[in-house]
There are 2 protein chains.
Amino acid sequence: MDQNSLPPIQTTARDDAVLKALVGFVRAEALQPGERLPTERILAERLKVSRNTVREALTRWEGLGLVERRQGSGTYLKAAVSPDMLHMPLTLAGGNDFTSLMQTLEIRRALEAEAAALCAERASPADIAEIERKLDIMEQAFRTRDGMSSEEDWEFHQAIYRVSGNPLFEQIIAAMHELFHRFWEHPLGVRDFGHASFPYHRTMYERIIARDPQGARAEALKLIATVEDDLKRGAAKLKLSSQT
Amino acid sequence: MDQNSLPPIQTTARDDAVLKALVGFVRAEALQPGERLPTERILAERLKVSRNTVREALTRWEGLGLVERRQGSGTYLKAAVSPDMLHMPLTLAGGNDFTSLMQTLEIRRALEAEAAALCAERASPADIAEIERKLDIMEQAFRTRDGMSSEEDWEFHQAIYRVSGNPLFEQIIAAMHELFHRFWEHPLGVRDFGHASFPYHRTMYERIIARDPQGARAEALKLIATVEDDLKRGAAKLKLSSQT
DNA sequence: ATGCAGAATTGGTTGGACCATTGGACCACT
DNA sequence: AGTGGTCCAATGGTCCAACCAATTCTGCAT
């Protein structure tokens, strides 16, 4: 017998139903991130469920970063919601910090190279102008502050992900970026962290405007390689691998 | 004034404390994934908190995929936990049109190639034996059922991600896989979907055992390319691009 | 042994109560 | 006008006790 022809029926799934209703509400009211949604008590009454059930549902959304609860104030939307969104909780098992850092870079290396290649294929003249603008801002910041242009650097990269035409690149790499910087807020003893990557931003840009996907990919790989080198230097310097 | 010199203070965080205690318990008892952890009632009593609080904490862990709750049975550990885990919930807005499907493949192309290369570099003899086992199972299923070996096919790929040594590959690609199959359960009109990719599984395996990262990468790219072709054929056939 | 009914266990839900924090209203004083 | 203080209502956080629903165990009848 084909087991797929008899999917398990859904008797109860109260909190899921609550979240579904909440998605509907957010869309109906066109709520934007930052706005407040109804109080738990009102939701419980309207949906005819217990307040505890509402709370379990909201706890799940809070864990996913979709919502923020402030005691005494209310519950606020933190991100856009849609009926068909997929949740992907990434868990990076501690281990030593160096390993985790390196793992985020392995993902980023793969995606950064692909995004650069796609960008070189698909960029419109307007896209190129935007990328160049971000590149100029970054180089300016790099020179005036001598290094430490991480904010502008990141904006340049984001522009490329956007031009790749695939929003998944930006979302996933952004997650890697945040994961990375949770360890690396103050470049572990490596004073000129990021210095080495600087020239490759412009060379990557040049391969993009030349509509050279393979070249752009190669430059992106070189760029990530310098970051990996910086990381290895920091690890060797601090021997930070001793944890728990 | 430096605003950073006065960070907001942290008062209470009951459920966080519960999770921290639970991490300690899991480590103390050396619980492995699949094992059952104490009853909610017992936890509440031992930790001197309400059962509701325990439930909120467990709900968060469930949302992160760390734990699975089965009514009437218990709560089971689903993954290893450690005190310094990092969580990065990522929610992807899934579209159901041709473009979205293609976008998941672009991500997968980048990651699959990188994972295959890393696998070729790092696979131990035991790893290779495991991959070969999965490959044999898949080829067997393919021949007996003539096509339609998607389950075994997926297991083969997962084995490769695991051997890559970076758990993020499996987590992210699994999300892409789910996003893809949410709308592709029955290969939209393409009867022999996946047929074309079949031979590349073995060629990829051969490059891996040959410790040839670039070769493995190339075979992975060919494999994904056949899937993209299948997708394009399905799209042209059904013109499925009309969807909300 | 086998199978089945019933009890015990366990997560899921409910309703009601109280606590802690927030933010606004109001007021006194400067 | 502005500063600080007090009060109060709204809101999320916690607690309790009970019951519901799914699962698992138990022991009896066959």
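Order of the sequence lines sets the chain letters (A, B, ...), proteins ahead of strands, with each chain counted from 1.
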query: If you find the nucleotide of DNA chain D closest to Thr39(A) and the one closest to Gly72(B), which residue's nucleotide is nearer the 5' end?
result: Thr39(A)
query: Does any donor atom in the side chain of Asp127(B) or Ser124(B) lie under 3.5 Å from an acceptor atom in the other side chain?
result: yes
- prompt: Glu40(A) has a side chain; which of dG12(C), dC15(D), dG12(D) sits nearest to it?
  reply: dG12(D)
message: With a 4.0 Å cut-off on N to O distance, would you call Lys20(B) and Asp15(B) a salt bridge?
response: no
query: Thinking salt bridges, do Glu68(B) and Arg70(B) make one under a 4.0 Å N-O criterion?
result: yes
message: How many whole angstroms separate atom CG of Leu58(A) from atom C1' of dT14(D)?
response: 16 Å
query: Are Arg69(B) and dT10(C) close enough that a side-chain N or O sits under 4.0 Å from OP1 or OP2?
result: no
task: Grab the CD1-P distance between Ile42(B) and dA8(C) for me, whole Å please.
output: 17 Å
query: When the distance from CG of Asp15(B) to P of dG12(D) is rounded to whole Å, what number comes out?
result: 15 Å
- request: Nearest whole angstrom, please: distance from the C1' of dG12(D) to the CG of Leu37(A).
  value: 12 Å
Residue Thr75(B), side-chain atoms from C-beta onward, closest of dG11(C), dT14(D), dG12(D): dG11(C)
Interatomic distance, Lys48(A) atom NZ to Arg14(A) atom CZ [nearest 0.5 angstrom]: 12.5 Å
- prompt: Expressed in angstrom and rounded to an integer, what is the separation of Glu68(A) atom CD from dT11(D) atom P?
  reply: 17 Å
- request: Answer with base, sugar-phosphate or nothing: what part of the nucleic acid does Arg55(A) contact at a heavy-atom distance below 4.0 Å?
  value: base
field: His195(B)/Phe142(B) aromatic ring centres below 6.0 Å
entry: yes
Thr53(A) vs Arg70(B), nearer the 5' end of DNA chain C by closest nucleotide: Arg70(B)
- line: Between CZ of Arg36(A) and C1' of dA10(D) the distance, given in whole Å, is 8 Å
query: Strictly under 6.0 Å, is that where the ring centroids of His201(B) and His157(B) end up?
result: yes
message: Need to verify one output field. Residue with the more 5' nearest nucleotide on DNA chain C, Glu56(A) or Ser73(A)?
response: Glu56(A)
Salt-bridge present (Arg109(B), Glu228(B); N to O < 4.0 Å): yes
What pairs of nitrogen or oxygen atoms, one from the protein and one from nucleotides 16-20 of chain D, lie under 3.5 Å apart?
| residue | atom | partner | partner atom | Å |
| --- | --- | --- | --- | --- |
| dC16(D) | N4 | Asn52(B) | ND2 | 2.8 |

